[in-house]
Asks: 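Questions regarding the structure given below will be posed in turn.
Lettering follows sequence order; numbering is per chain, from 1. Owing to the predicted nature of the structure, the values given are computational and were not obtained by experimental measurement.
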Number of protein chains: 2
Amino acid sequence: MTQTSDTTSYKDIKQTVLQRIRSGEWQPDALLPNEQELAVEFSCTRTTVNRALRELADEGFLERRRKAGTRVLSAPQRQARFTIPLVRDEIEAAGGTYRYALVSQETQTAPDWLTARLALRVDQRVMHVRCMHFSTNTPFQFEDRWIVIDSVPQVEQADFSSIGPNDWLVQTVPFTNVELTFLASRADATLAGFLDVSEGEPVFTAERITWLQGQPVTFAKMYFAAGYRMSTEF
Amino acid sequence: MTQTSDTTSYKDIKQTVLQRIRSGEWQPDALLPNEQELAVEFSCTRTTVNRALRELADEGFLERRRKAGTRVLSAPQRQARFTIPLVRDEIEAAGGTYRYALVSQETQTAPDWLTARLALRVDQRVMHVRCMHFSTNTPFQFEDRWIVIDSVPQVEQADFSSIGPNDWLVQTVPFTNVELTFLASRADATLAGFLDVSEGEPVFTAERITWLQGQPVTFAKMYFAAGYRMSTEF
DNA sequence: CAGTGGTCTAGACCACATG
DNA sequence: ATGTGGTCTAGACCACTGT
């Protein structure tokens, strides 16, 4: 029904399985028939059943173990997938006009807390960049970023007056591991000025540590203007 | 090398492709060889190459289009996958002892803002539950939840004095769609009391709306104690 | 139109975990 | 020891889309 043809596709199987879970036909913790039996029921090959069940397991609905079989997860381990947008995209998607402004850029010895946080060697040098992102000239995000010079030597020649450090890094360091943290912090006087809020106001904050093959590359704190919400559906 | 045998697996291919992206051999926006060519290079079938590339696309590294081929994404759309833990699991995983306490439970007519938020009919009735989650007797989370009675009629007989509403819902409503939002809010006097912080302090907050086949089931605001961080790696 | 990925089949061998 | 999922092969047809 879903497609032009009448073959049973892995998508059909996924839908049917979800339907049976929703309807209670397959209760939490219930053991599903094995792949061979389902293949017979759906008149397809085991390969097709395998793909359907594998994806459902990947999405957090099922648990699969060799020999033990496939079960409905009792506490559906649903996973939220946040696609972390680039600031510019996020602003433009909301209909705003993006504007970037550099606040400060200087090389310095890494402060102690950063050395500890990124497991740097003592006295390792870093580039410290602070900048603002505006949506139609309204403050949107204040970014406070450190870049480890030993990991990205080219950064010493970089000029962040017209391109944001994140855009620059994305072009320069092709692939990375990321540790992302969300928290609520309190606007100090400086931050309050940048974001145009009162001192002491709550500020939604994201911290992002980036690694390139085990080497710490950058630590960024991103402070969002009042009213910001990070949303997802799943 | 990775396995006992010497066959090229889709995992090997994924690793190799990532390596080539990291090393810059395949620059952002570069067009990869097509599946048939890669199958020859890796001495495997196109099916195996397909799985490797399909997963990498799914993970946000590649973009695939029929006829146009497979490209390295210029701005790697990495997706953070938050596994939203049950409060009890989260506390116990951190080594704490979980304690639950009901604060209030009553049925009422949905307030206007909730009617709007969940697209309810006017004057629809809801169960309003407020409760606390403690980690070794330290406040961990204050939960403020509304449950739509028409969507879950059994809730009128539910007693949340010993089981949390979330645990109850997970057992009762097997499968749902979820809209999850993170934000920073400000502790009012009531909240400050529950979480043992000063009034006005920033509070990390999660809002969760749950739907069952298009029907709104529940809206929950979860306020976390000071210092809470929501982290993920990817 | 033609090239590329999307998917399915039929069959096989194997890794792993449980009884 | 054995049943279950994990993966690969070899081949096929098709859907989409850029030229």
Asks: Take the protein atom CG of A:D12 and the nucleotide atom C1' of C:dC8, then report the distance between them rounded to whole Å.
Replies: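 Atom CG in A:D12 sits about 12 Å away from atom C1' in C:dC8.
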Asks: Which nucleotide, D:dC8, C:dA10, D:dT9, lies nearest any side-chain atom of B:Y10?
Replies: D:dC8
Asks: Provide, to the nearest angstrom, the distance between the CZ atom belonging to A:R71 and the P atom belonging to D:dT4.
Replies: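 It is 12 Å, rounded to the nearest whole Å.
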Asks: Distance check needed: C:dG6 P versus B:E55 CD, whole Å only.
Replies: 13 Å
Asks: With nearest nucleotides of DNA chain D determined for B:A68 and A:E35 from heavy-atom distances, which residue corresponds to the more 5′ nucleotide?
Replies: A:E35
Asks: Pick out which of A:Y223, A:F140, A:F142, A:F182 makes a ring pair (Phe, Tyr, Trp, His ring centres under 6.0 Å) with A:F204.
Replies: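 Going through A:Y223, A:F140, A:F142, A:F182 one by one, the ring pair (Phe, Tyr, Trp, His ring centres under 6.0 Å) with A:F204 is satisfied by A:F182 alone.
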Asks: Side chain of A:K11, heavy atoms from C-beta onward: which of D:dG5, C:dT7, D:dG11 has the nearest atom to it?
Replies: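 Output: C:dT7.
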Asks: Are B:R54 and B:E35 close enough for a salt bridge, meaning some N to O gap below 4.0 Å?
Replies: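 No.
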Asks: Looking at the side chain of A:R65, which of D:dA15, C:dT18, C:dA17 is the nearest nucleotide?
Replies: C:dT18
Asks: Side chain of A:R51 only, heavy atoms from C-beta on: which candidate in C:dT9, C:dT7, C:dG5 is closest?
Replies: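 Between C:dT9, C:dT7, C:dG5, the one nearest the side chain of A:R51 would be C:dT7.
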Asks: For the side chain of B:N50, counting heavy atoms from C-beta on, which of C:dG3, D:dT9, C:dT7 is nearest?
Replies: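 So the side chain of B:N50 is nearest to C:dT7.
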Asks: What pair of heavy atoms forms the shortest contact from B:W26 to B:P33, and how long is it?
Replies: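 Residues B:W26 and B:P33, closest heavy atoms: CZ2-CD, 3.8 Å.
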Asks: Ignoring backbone atoms, establish whether A:R64 has a side-chain N or O less than 4.0 Å from OP1 or OP2 of D:dT4.
Replies: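 So the side-chain polar atoms of A:R64 never come under 4.0 Å of the phosphate oxygens OP1 or OP2 of D:dT4.
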Asks: Between A:T45 and C:dG11, is there a side-chain N or O to OP1/OP2 distance below 4.0 Å?
Replies: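 Result: no.
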Asks: Please report the distance, rounded to the nearest Å, between NZ in B:K14 and P in D:dC8.
Replies: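 It is 11 Å, rounded to the nearest whole Å.
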Asks: 5'-most contact on DNA chain D: B:R66 or B:C44, nearest heavy atom basis?
Replies: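 The residue closer to the strand's 5' end, by nearest nucleotide, is B:C44.
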Asks: Measure the distance from CD on A:Q36 to C1' on C:dG11 and round it to the nearest whole Å.
Replies: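 In whole Å, C:dG11 C1' and A:Q36 CD are 11 Å from each other.
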Asks: Return the value, rounded to whole Å, for the distance between atom CG of B:L31 and atom C1' of D:dT17.
Replies: 14 Å
Asks: If you look at every heavy atom in B:I91 and B:Y98, which pair is closest and at what distance?
Replies: CD1-CD1, 3.5 Å
Asks: Could I get the full list of ring-ring contact (aromatic ring centres under 6.0 Å, His included) partners for B:F134, not counting sequence neighbours?
Replies: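 Listed in chain order: nothing, the list is empty.
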Asks: Identify which nucleotide among D:dT7, C:dT7, D:dT17 has an atom closest to any side-chain atom of B:K67, counting heavy atoms from C-beta outward.
Replies: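 Nearest nucleotide to the side chain: D:dT17.
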Asks: Mind checking side-chain hydrogen bond (donor to acceptor under 3.5 Å, both in side chains) for B:S162 and listing every partner two or more places apart, or none if nothing turns up?
Replies: none
Asks: Expressed in angstrom and rounded to an integer, what is the separation of A:E63 atom CD from C:dA17 atom P?
Replies: 12 Å
Asks: Any side-chain N or O of A:T70 below 4.0 angstrom from OP1/OP2 of D:dT4?
Replies: no
Asks: Report the nucleotide, chosen from D:dA12, D:dT9, D:dG6, that has the shortest atom-to-atom distance to any side-chain atom of B:R46.
Replies: D:dA12
Asks: Measure the distance from CZ on B:R54 to P on D:dT7 and round it to the nearest whole Å.
Replies: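 Those two atoms, CZ and P, are 12 Å apart.
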Asks: So B:T47, base contact, sugar-phosphate only, or nothing? Heavy-atom distance under 4.0 Å.
Replies: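 B:T47: base contact, heavy atoms under 4.0 Å.
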